[in-house]
Novice: 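Structure below; questions to follow.
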Amino acid sequence: LSEAGTGFNHRAYLFQPGKRRCVMETLSAILRDRNGTFESVFNSIAEGVVVADESGHFRFFNPVAEELLGLGPVCAGADKWSEMYGCYHLDEHTPYLTDELPLSRALAGEHVTDEVMFIRNSRRPSGLYINVTARPIISDDGSSQGGTAIFRDVTEQVKRHEQDCE
C-alpha cells in the first residue's frame, strides 16, 4: 500500500523505466508555468517590487522598481544599497544607514509600513519621494527566507503637503 493508503505505490511507479522522466518533465513544466505566471503578475503591478534572499541578494526586481529607483538590482551587499540607490531621509541630505533601510529591516524580521524616503542618484538627479512597505518572507517552518519591499512614487503628495504647510 502507498503512504496515503490508496493501494498505489508512488515510489514503485517513479522507478519504472521512463516514468520518472515523464513525471519530472511534467513537474518542470508546471514550475516553469508558475514562475512565468508569478513573473508576469509582478511585472504588471503598478508599484515597485523588490525581493531579496536572506543574505540580501536581490532575487526579483520588477520594471517599476527599476524605473523609480533609476537602476535595477546591483551585485552589492545591503551595506552599499543606500549609497548606490541614493536613499535619504526626508531632509534630502541625511543618508539612510544600512540598518535603517526598510528592506534591511524586513530582512531582520521587522515589518515596515508606509515609510517615506527620498531617492536621488545619478540617474535620478532631481530625486523623488517613495512610500515603502517591507516585510520579511517567512517559510512554513518559521525560518527567514528573505524580505520584500513594495513602493510607489509619492512625490506629488509630499510636495503638496509641503506647500500646504507653508
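All of these numbers come straight from a predicted model, not from anything done at the bench.
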Novice: Is the closest side-chain heavy-atom distance between Val154 and Val116 below 4.5 Å?
Specialist: yes
Novice: State the CD-CD1 distance between Glu47 and Ile130, to the nearest 0.5 angstrom.
Specialist: 12.0 Å
Novice: The criterion is side chain to side chain donor-acceptor pair (under 3.5 Å); which residues satisfy it with Glu100, sequence neighbours excluded?
Specialist: His89
Novice: For His161, give me all partners under side chain to side chain donor-acceptor pair (under 3.5 Å), at least two apart in sequence or on another chain.
Specialist: none
Novice: Quick one: side chain to side chain donor-acceptor pair (under 3.5 Å) partners of Thr94, sequence neighbours excluded?
Specialist: Asp91
Novice: Tell me, please, which residues at least two apart from Arg124 pass side-chain contact (heavy atoms from CB on, under 4.5 Å).
Specialist: Glu67, Asn121, Leu128
Novice: Please report the shortest heavy-atom distance between Gly86 and Tyr88, naming the atom on each side.
Specialist: O-CD1, 3.2 Å
Novice: Less than 4.5 Å apart, any side-chain heavy atom of Ser143 and any of Ile138?
Specialist: no
Novice: For Tyr85, which residues count as a ring-ring contact (aromatic ring centres under 6.0 Å, His included) partner, sequence neighbours excluded?
Specialist: none
Novice: When rounded to the nearest 0.5 angstrom, what is the spacing between CG in Leu68 and OG1 in Thr155?
Specialist: 8.5 Å
Novice: Spell out, as yes or no, whether a donor-acceptor pair under 3.5 Å connects the side chain of Thr148 to the backbone of Arg135.
Specialist: no
Novice: Hydrophobic clusters here meaning ILVMFWY residues chained together by side-chain heavy-atom distances under 4.5 Å, can you tell me if Leu90 and Ile119 are in one?
Specialist: no
Novice: Apart from Leu97 itself, which Ile, Leu, Val, Met, Phe, Trp or Tyr residues share its cluster (side-chain heavy atoms under 4.5 Å, direct or through members)?
Specialist: none
Novice: When rounded to the nearest 0.5 angstrom, what distance separates CG in Leu107 from CG in Asp99?
Specialist: 12.0 Å
Novice: Do Met84 and Val50 sit in the same hydrophobic cluster, where Ile, Leu, Val, Met, Phe, Trp and Tyr count as joined when their side-chain heavy atoms come under 4.5 Å apart?
Specialist: yes
Novice: Mind checking whether Phe60 and Ile137 sit in one hydrophobic cluster, side chains of I, L, V, M, F, W, Y counted as touching below 4.5 Å?
Specialist: yes
Novice: Look up atom CG in Leu69 and atom CE in Met117, then write down how far apart they are to the nearest 0.5 Å.
Specialist: 8.5 Å
Novice: Could you name each residue pair satisfying side-chain hydrogen bond (donor to acceptor under 3.5 Å, both in side chains) that touches residues 49-61, not counting sequence neighbours?
Specialist: Asp53-Arg59
Novice: Is it the case that one hydrophobic cluster holds both Leu103 and Val51, taking links as side-chain heavy atoms less than 4.5 Å apart, direct or via other members?
Specialist: no
Novice: With Arg120, which residues qualify under side chain to side chain donor-acceptor pair (under 3.5 Å), at least two apart?
Specialist: none
Novice: State plainly whether one hydrophobic cluster holds both Val64 and Ile45, where clusters connect Ile, Leu, Val, Met, Phe, Trp and Tyr through side-chain heavy atoms under 4.5 angstrom apart.
Specialist: no
Novice: Which heavy atom of Ala106 sits nearest a heavy atom of Ala134, and at what distance?
Specialist: CB-CB, 3.8 Å
Novice: Is it true that, when you exclude Asp140 itself, more than 12 heavy atoms of the residues, nucleotides or ligands shown sit nearer than 6.0 Å to its CG?
Specialist: no
Novice: Nearest 0.5 Å please: distance from the CZ atom of Phe58 over to the SG atom of Cys75.
Specialist: 9.5 Å
Novice: Tell me, yes or no, whether the heavy-atom count around Glu156 atom CD, taken from other residues, nucleotides or ligands under 6.0 Å, exceeds 12.
Specialist: no
Novice: Applying salt bridge (charged side-chain N to carboxylate O under 4.0 Å, His left out), can you list everything that pairs with Glu115, at least two apart in sequence or on another chain?
Specialist: Arg105
Novice: Considering only residues two or more places apart or on different chains, which pairs with a residue in residues 72-82 satisfy side-chain hydrogen bond (donor to acceptor under 3.5 Å, both in side chains)?
Specialist: none
Novice: Among residues two or more places apart or on two chains, list those pairs meeting ring pair (Phe, Tyr, Trp, His ring centres under 6.0 Å) that have a residue in residues 122-155.
Specialist: Phe118-Tyr129
Novice: Listed by chain and number, what are the side-chain contact (heavy atoms from CB on, under 4.5 Å) partners of Asp114, not counting sequence neighbours?
Specialist: Asn131, Thr133
Novice: Surrounding CD of Gln157 (heavy atoms of other residues, nucleotides or ligands, distance under 6.0 Å), is the total greater than 12?
Specialist: yes
